[in-house]
Protein chains: 2
Amino acid sequence: MPKNIIPDSETRATAEHAKDLRLWLRMLACTNLIENHVRARLRSDFDITLPRFDLMSQLERSPQGLKMGELSKRMMVTGGNVTGITDQLVREGLVVREDSPKDRRAYIVKLTAEGRKSFRRMAEAHEGWMVALFSGMEERQRDELYDLLASLKTSAAKVAAKH
Amino acid sequence: MPKNIIPDSETRATAEHAKDLRLWLRMLACTNLIENHVRARLRSDFDITLPRFDLMSQLERSPQGLKMGELSKRMMVTGGNVTGITDQLVREGLVVREDSPKDRRAYIVKLTAEGRKSFRRMAEAHEGWMVALFSGMEERQRDELYDLLASLKTSAAKVAAKH
DNA sequence: GAAAATATTTCGAGCCTTAAAATATCAAAA
DNA sequence: TTTTGATATTTTAAGGCTCGAAATATTTTC
């Protein structure tokens, strides 16, 4: 085996770097593929946007309702943003703002009965899309992916937190 | 082992469905974490947006330049969109529109010397961010993730193509 | 040539996003 | 109790990305 096919340390480092980049680009491509599919189907089948769906999904997980600020934190968007999205859902009758009995500055946002019903239908469809999208992978692979993503999340969160 | 801890087929199906959903939500969380980090740093360090960076990155891979329509296809966005992003990059002197000698309807978009220089600096930083973000994973894990994502991409693309 | 297809741009509209200013209220210290 | 500083939310202003449809210009095809 000739010596010159063994990469020097700089070449090796660059190759490793490029690998991380490729990994990210592939991951981004996958996510965009799925996310765009979901957006398109939410719009065509239910005439709703992903942010609105996400907000409703947060509320479904918290039947006691959430304050605007809590929604903002969980959805990782600014408060003004939540105001806008909530306004629309209120207009459509899917969500209500109730005055907080504890704090008169705050609202508590809840799903209406119609909102709950509507969300359930959407969530069911959404879950079905996911099953279809992942169906080409074996269960073992999906489990493995799930675990690796946990590791990635930890790793990335540590770095992202700094800046 | 009591019989009743063996889930019936419906319960099992539902559990499997929920797993796919959780997998997706975790993947989305990871991607958003990283993507937001990248957007923020591109803005704070280089005063550029991700779509603009992406367009430049396409051009760097194609030194002979690309037509607007090719950019549109590769970036998976509409033509009108590419027009807007290109306009801004032209204004900043990072990119030029040249008339195509073959087809007078078409432009060929290329990086300027300054655009190339600027992109190289950004790409280097970008790669560094990736190395950092993935550094908490072992190399074996990153390789495994890379392979699993290939499988996912195939699976999802097949489904997404239908609609 | 006329008709159909292609490459882009323009226009209108919607949404998300942020940052900063304005309100209102709460909570704690003086 | 009054003041002061923090908190919860909305409003406002501006910027960007995005799409889809209509408008232009040009090429290709029949």
Side-chain angles (χ1 to χ4, degrees), chain A residues 28 32-33 35-44 46-56 58 65-92 95-110, chain B residues 28 32 35-44 46-58 65-92 94-110 163:
Chain A
L28 188 58
N32 285 340
L33 184 64
E35 188 169 337
N36 289 336
H37 182 71
V38 169
R39 277 186 208 275
R41 298 220 53 175
L42 280 176
R43 186 154 47 109
S44 69
F46 299 107
D47 195 32
I48 198 173
T49 64
L50 190 50
R52 269 177 261 193
F53 179 76
D54 283 345
L55 193 151
M56 291 179 77
Q58 292 296 341
L66 289 172
K67 291 196 292 182
M68 298 297 279
E70 288 173 330
L71 276 170
S72 166
K73 230 174 273 158
R74 296 189 194 208
M75 297 175 69
M76 315 236 281
V77 298
T78 56
N81 207 327
V82 173
T83 299
I85 298 171
T86 304
D87 285 349
Q88 298 180 81
L89 290 171
V90 168
R91 235 176 280 134
E92 292 170 37
V95 140
V96 281
R97 274 186 178 90
E98 292 180 358
D99 292 326
S100 165
K102 303 276 183 185
D103 184 340
R104 289 198 308 195
R105 292 168 302 180
Y107 294 118
I108 292 176
V109 187
K110 285 181 182 171
Chain B
L28 188 57
N32 285 340
E35 187 169 338
N36 289 336
H37 182 72
V38 169
R39 277 184 208 276
R41 299 221 52 177
L42 280 177
R43 186 155 46 112
S44 69
F46 300 106
D47 194 32
I48 199 173
T49 64
L50 191 49
R52 269 176 261 190
F53 179 75
D54 283 344
L55 192 153
M56 291 178 77
S57 139
Q58 292 296 341
L66 289 172
K67 290 196 293 180
M68 299 298 280
E70 288 173 329
L71 277 170
S72 166
K73 231 175 270 157
R74 297 189 193 206
M75 299 175 66
M76 314 237 280
V77 298
T78 55
N81 209 330
V82 172
T83 299
I85 297 170
T86 303
D87 284 348
Q88 298 180 84
L89 290 171
V90 168
R91 236 176 279 134
E92 292 170 37
L94 300 171
V95 139
V96 281
R97 274 187 179 89
E98 294 179 357
D99 292 326
S100 165
K102 304 275 183 185
D103 185 341
R104 289 199 311 200
R105 293 167 302 179
Y107 293 118
I108 293 176
V109 187
K110 286 181 183 173
H163 237 264

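The structure presented is a predicted model; accordingly, all values stated were derived computationally and were not measured. Lettering follows sequence order; numbering is per chain, from 1.
- At D:dA6, none of the side-chain N or O atoms of A:R105 fall inside 4.0 Å of OP1 or OP2 (strictly under the cut-off).
- Two residues are said to be in side-chain contact when any heavy atoms from C-beta on lie closer than 4.5 Å; A:Q88 and A:T49 fail this criterion.
- Under 4.0 angstrom from either OP1 or OP2 of D:dT18 there lies at least one side-chain N or O belonging to B:N81.
- Closest approach of A:P101 and A:I108 over heavy atoms only: CD-CD1, 4.3 Å.
- In this structure, CG of A:L50 is placed 15 Å from C1' of C:dT17, rounded to the nearest angstrom.
- Counting to the nearest Å, the C1' atom of D:dG16 and the CZ atom of B:R91 are 12 Å from each other.
- Regarding A:D99, its CG atom lies at a distance of 16 Å from the P atom of D:dA8, rounded to whole Å.
- Nearer the 5' end of DNA chain C, as judged by each residue's closest nucleotide, is the contact made by B:T83, out of B:T83 and A:G80.
- Between B:T78 and D:dG20 there is no side-chain polar atom (N or O) within less than 4.0 angstrom of OP1 or OP2.
- The residue A:V77 sits close only to the backbone: its heavy atoms come under 4.0 Å of sugar-phosphate atoms, none of a base.
- Listed pair A:Q88 / C:dG14 fails the phosphate criterion, with no side-chain N or O lying under 4.0 Å from OP1 or OP2.
- The separation between A:M68 atom CE and C:dA24 atom P is 17 Å, rounded to whole Å.
- Residue B:R52 is in sugar-phosphate contact alone, with no base atom involved, counting any heavy-atom pair closer than 4.0 Å across all strands shown.
- A salt bridge between B:D87 and B:R97 is present, with a side-chain N of the basic residue lying under 4.0 Å from a carboxylate O of the acidic one.
- Residue A:T49 is in sugar-phosphate contact alone, with no base atom involved, counting any heavy-atom pair closer than 4.0 Å across all strands shown.
- Each of A:G79 and A:R43 lies near DNA chain D, and the nucleotide nearest A:G79 is the one positioned closer to the 5' end.
- Distance alone, capped at 3.5 Å, places no donor-acceptor pair between the B:S100 side chain and the B:Y107 backbone.
- Between B:R97 and C:dT9 there is a side-chain N or O to OP1 or OP2 distance below 4.0 Å.
- Atom pair A:E98:CD and D:dT9:P shows a separation of 14 Å (rounding to whole Å applied).
- Distance check, rounded to the nearest 0.5 Å: CD1 of A:I85 to CG of A:L71 gives 9.5 Å.
- Between A:I48 atom CD1 and C:dC15 atom P the separation is 11 Å, expressed in whole Å.
- One atom, OH of B:Y107, and another, P of C:dT6, lie 20 Å apart when rounded to the nearest Å.
- In this structure, B:K67 atom NZ and D:dT26 atom P are separated by 15 Å, rounded to whole Å.
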